[in-house]
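What follows is a short report on a single structure.
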2 protein chains.
Amino acid sequence: MARAVSETHDEILIAASRRFAVTGYKGTSLQDIARAVGCSKATVLYHFANKEALLGKLMAPAITVLEALDARLAGQTGAAAQQVATEGFVDLAVRFRREIALLRGEFPDLLQQPAFAHIQQISERLVDAFAGHSDRPVARIAALVVLAGIAETCAEFIDIPDDELRPALLAVVRRAVEPVS
Amino acid sequence: MARAVSETHDEILIAASRRFAVTGYKGTSLQDIARAVGCSKATVLYHFANKEALLGKLMAPAITVLEALDARLAGQTGAAAQQVATEGFVDLAVRFRREIALLRGEFPDLLQQPAFAHIQQISERLVDAFAGHSDRPVARIAALVVLAGIAETCAEFIDIPDDELRPALLAVVRRAVEPVS
DNA sequence: AACTCATCTGACCGATCGGTCAGCGTCTGA
DNA sequence: TCAGACGCTGACCGATCGGTCAGATGAGTT
């Protein structure tokens, strides 16, 4: 029955990604994942230390890209920051739609965990950039509407082609965001 | 120890609303609610048939208003529908911020339940109205960004005064939504 | 005093969760 | 040939979940 390492390992990652995206992280049990793969729950926990480690592996690429965007954002202000944030975040959201979907609604909980704590700071800096670093509530509210709206919309439109979703999102963001004074 | 009916009953509703808004529906146990009230879990289940019934009582006012908005929307098309949807939904979202917060991320699950099934149809009609009844993907994507963004933002800004949040949301919606052709 | 009835509770239930562990075959290199 | 590593599993664990139930309490009525 024993297969090569990478085989079952990767099958678990794929199945977990699919199940998480449909029923969420909390809503998916290790048993569910094992059933989808066709192995035992113990096998899942043989390949991954625990459920959180499995999520970590799935999220790693998205987080890397997010951190890179955050780094690019560091040197920018005003309209330039807005543009970098817009293009960078829309790109990221479209590309990692599945990862966003699996976090749906569990963001508040997950951000509490130390492993994801810095994500909160990054998203705050993103809101900041969308708002053109203005501290006026009107600008910050618009920024959050845009940020949250993109994330949710990407999670919803899983099957639409990338090059249809991306320009539509860019268009709505550019209209919605408050122009810098 | 026995108190008047309405007292404990209402205390449970208040405590449940608060706990749900912080830790979500699934993330809040009946034990949590009982502890917050200062009674036993069995008492919670004496006053409410089950956990779902408790949620139903909390959501009822918001759902009534949502249904009323849906009814008002029925006769409208194009730009008129956009305007009714915008003002109606922003108003609703601001007013029922707490109720939206407690549904955060559990919308997909809850909509499966027959008791909330019609909500899905209503929200689809809302997206339709925001899109000015256009079926162009660009318009529908913008509509969903706006709808989801408002909901999430309202849940986030729980403490800001209504008359600061409402005009800011109206402003961003009017910019973001695709103008009808 | 005896009875009724709403309120409330501790003890308990089956189900499910994430996670542990001893041990099962099988493959491989010395 | 054989020891050990590897992939995998069933049985089990403690915790927690939503929910049930018989019975205690106490106030009001007769």
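Chain letters run A, B, ... following the sequence lines, proteins first, then strands; residues in each count from 1.
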Distances for protein N/O vs nucleotides 13-17 of chain D N/O pairs under 3.5 angstrom?
unit_1	atom_1	unit_2	atom_2	d
D:dC17	OP1	B:Ser29	OG	3.4

Taking the basic N atoms (NZ, or NE/NH1/NH2) and the acidic carboxylate oxygens, is any pair closer than 4.0 Å for A:Glu124 and A:Arg140? no

State whether B:Arg72 and B:Glu87 are salt-bridged, where the test is any N-O pair (Lys NZ or Arg NE/NH1/NH2 against Asp/Glu carboxylate O) under 4.0 Å. no

Parsed dot-bracket for DNA chain C after applying the Watson-Crick and G-U rules with both distances under 3.5 Å and | for other-strand partners is ||||||||||||||||||||||||||||||

Taking CG from B:Leu45 and C1' from C:dG10, how many angstroms apart are they, rounded to a whole number? 14 Å

Identify every side-chain donor-acceptor pair in residues 57-71 of chain B under 3.5 Å, counting partners at least two apart or on other chains, and give the distances.
unit_1	atom_1	unit_2	atom_2	d
B:Thr64	OG1	B:Ala60	O	3.0
B:Glu67	OE2	B:His118	NE2	2.7
B:Asp70	OD1	B:Arg125	NE	2.9
B:Asp70	OD2	B:Arg125	NE	3.4
B:Asp70	OD2	B:Arg125	NH2	2.7

What is the separation between atom CG on A:Leu54 and atom P on C:dG19, rounded to the nearest whole Å? 10 Å

Sequence neighbours left out, what passes ring pair (Phe, Tyr, Trp, His ring centres under 6.0 Å) with B:Phe48? Give chain and number order. B:His9

Residue-phosphate contact under 4.0 Å: B:Ser40 side-chain N/O, C:dC8 OP1/OP2: no

Under the rule for side chain to side chain contact (heavy atoms under 4.5 Å, CB included), what residues qualify as partners of A:Asp162, not counting sequence neighbours? A:Val94, A:Arg97, A:Arg166

Between atom CZ in B:Phe48 and atom C1' in D:dG18, what is the gap in whole Å? 16 Å

Pairing residues for B:Thr28 by the side chain to side chain contact (heavy atoms under 4.5 Å, CB included) criterion, not counting sequence neighbours: B:Arg19, B:Phe20, B:Thr23, B:Asp32, B:Ile33

Does B:His47 have a side-chain nitrogen or oxygen under 4.0 Å from the phosphate oxygens OP1 or OP2 of C:dA6? no

With sequence neighbours excluded, residues passing side-chain hydrogen bond (donor to acceptor under 3.5 Å, both in side chains) with B:Ser17: B:Arg98

List for me each residue that meets side chain to side chain contact (heavy atoms under 4.5 Å, CB included) alongside B:Gln76, sequence neighbours excluded, and say none if there are none. B:Ala80, B:Ala81, B:Val84

Between C1' of D:dC8 and CD of A:Glu7, the distance in whole Å: 14 Å

What nucleotide among D:dC8, C:dT9, C:dC8 has an atom nearest to a side-chain atom of B:Thr8? C:dC8

B:Lys26: side-chain hydrogen bond (donor to acceptor under 3.5 Å, both in side chains) partners, not counting sequence neighbours: B:Asp109

Distance, rounded to the nearest Å, where A:Ile33 contributes CD1 and D:dC8 contributes C1': 17 Å

